[in-house]
Protein chains: 2
Amino acid sequence: MPDANGERPYHHGNLRAALLDAAQRGLRERGADQLSLRDLAKEVGVSHAAPRRHFPDRQALLDALAEAGFVHLDAALRTALAGADEGFPARLRATMTAYIRFATENAALLELMYTSKHRPGATQVVKAAEAPFGLMAELIAQGEEQGALDAADAERIGIVLFATVQGIASIINGNFVEPELLDGLVETAAEQFLRGARPLT
Amino acid sequence: MPDANGERPYHHGNLRAALLDAAQRGLRERGADQLSLRDLAKEVGVSHAAPRRHFPDRQALLDALAEAGFVHLDAALRTALAGADEGFPARLRATMTAYIRFATENAALLELMYTSKHRPGATQVVKAAEAPFGLMAELIAQGEEQGALDAADAERIGIVLFATVQGIASIINGNFVEPELLDGLVETAAEQFLRGARPLT
DNA sequence: ACCTGAACACCGTTCAAGT
DNA sequence: ACCTGAACACCGTTCAAGT
């Protein structure tokens, strides 16, 4: 039982949350490669074997981080959309910009999210990704209703849009183009997308 | 000196090449995480400290793999272009398809290539990426000359195209969409691109 | 110049045992 | 149910020493 004096902030029901919290910081500050279960356990104040109860192995913790990443990404996109104008072009740009911002501000996390560690097994991660993918599809469907798009298949076009922003993000994060080009790339992609999907006459 | 009987196939000037070769196989078969310098040394038949002469640390070997990956990618794209028809739409589709094929057939390598391990320092990797990026820009420039594109800035459009295929590849490799959708996604992206960048009248 | 062998500090993972 | 402590096999990295 937890002893009477308030010496230990964790250890009861929130070891898992505490570990994830520490892992999130470590990921941001030192990258996924430097994330060690033993370190995290020490940082949180438990023995090195304690995390095993909550994460059967290291990969399980990384998967949990990726899963949480998709939840946060989805929230960021929905927040951006909530604050955007009603017109489709504005909503498109707001979503793209929010994605890129999230991706560049959480570069190590993004890597983890898309890394094919999601072999057969990590269904949770794929499941969590459905929310932002769905958001993209909804956005496209709205554009069709507004008459801004001729797109027949909202889901497929949504995936291509998703892929485009994700690709821009990974090219920027990988240092393959100068960061100054970022805004221009997003704008070029948005313009091309609007022109490419607009009704023909 | 190498003793007279032909017992050792390596050890002279090609330890580096032998290590890279073994690493390439290991990467494909077990992924980058499972790549161990000690294992590679054992597989090649040298002591565990020998690789240090050629790769100062583990990251240096991973960077060398990524660098070689971009060289191979560039070759694959150029081969595809050499066999394609002259018209821009055909050349565009050939390039996109070749990229996606390379990316899905070398998923673990692709991850390594784009992983932001390329922090300040790994200039070799970024340098090696310039070839395929340049190829994309050339492709766009040809499209402009043929009158198929209105694009003002070939380099920027080329980067967006690059980002789109890379994004599709990572979404497929990450298992976020069913593989059956792949061909349709590439075709949708190609159509949108052609429509988005075509002259206005 | 290139490689060996021992040593160091650190891992992830397992398991009997504690509370 | 949750955590501890010892143990195991394995790392990357370093360095004196060999050839």
query: Given the rule in the ring-ring contact (aromatic ring centres under 6.0 Å, His included) test, do Phe176(B) and Phe70(A) qualify, once you have shown the distances and angles that lead to the verdict?
result: CA-CA 12 Å; Phe176(B) 295 109; Phe70(A) 275 111; 5.4 Å; yes

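The side chain to side chain donor-acceptor pair (under 3.5 Å) analysis of residues 156-172 of chain A, with sequence neighbours excluded, yields the pairs Tyr99(A)-Gln166(A), Arg156(A)-Thr188(B), Thr164(A)-Thr164(B).
Between Asn14(A) atom CG and dC2(D) atom P there is a gap of 12 Å when expressed in whole angstrom units. The distance from atom CZ of Phe55(A) to atom P of dC2(D) is 13 Å, rounded to the nearest whole Å. When rounded to the nearest whole Å, the span between CD of Gln59(A) and C1' of dT13(C) equals 15 Å. Atom pair Leu35(A):CG and dC11(C):C1' shows a separation of 13 Å (rounding to whole Å applied). Residue Leu37(B) contributes atom CG, which lies 10 Å from atom P of dC11(D) at whole-angstrom precision. Straight-line distance from the CG atom of Leu15(A) to the P atom of dT4(D): 8 Å, rounded to whole Å.
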Identify each donor-acceptor pair in which a side-chain atom of residues 86-93 of chain B lies under 3.5 Å from a protein atom, sequence neighbours left out, and give them as a table.
from	atom 1	to	atom 2	distance (Å)
Arg91(B)	NE	Gln142(B)	OE1	3.1
Arg93(B)	NE	Glu187(B)	OE1	2.9
Arg93(B)	NE	Glu187(B)	OE2	3.4
Arg93(B)	NH2	Glu187(B)	OE2	2.8

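With respect to Arg195(A) and Glu191(A), no salt bridge is recorded, no charged nitrogen being found less than 4.0 Å from a carboxylate O.
Taking side-chain N and O atoms only, His48(A) has no distance below 4.0 Å to OP1 or OP2 of dC3(D). Of the side-chain N and O atoms in Ser36(A), none sit less than 4.0 angstrom from OP1 or OP2 of dC10(C).
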message: Only Watson-Crick and G-U wobble pairs with both distances less than 3.5 Å should count. Give DNA chain C in dot-bracket notation, marking inter-strand partners with |.
response: ||.|||||...|||||.||

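A side-chain donor-acceptor contact under 3.5 Å links Arg28(B) to the backbone of Glu105(B).
Expressed to the nearest 0.5 Å, how far CG of Leu61(B) lies from CZ of Arg16(B) amounts to 8.5 Å.
Residues Arg58(B) and Arg53(B) both approach DNA chain D. Their nearest nucleotides, taken by heavy-atom distance, put Arg58(B) toward the 5′ side.
For Arg38(A) against dT13(C), a side-chain-to-base donor-acceptor contact under 3.5 Å is present.
For Ala49(A), counting side-chain heavy atoms from C-beta on, the closest listed nucleotide (dG12(C), dC3(C), dC15(C)) is dC15(C).
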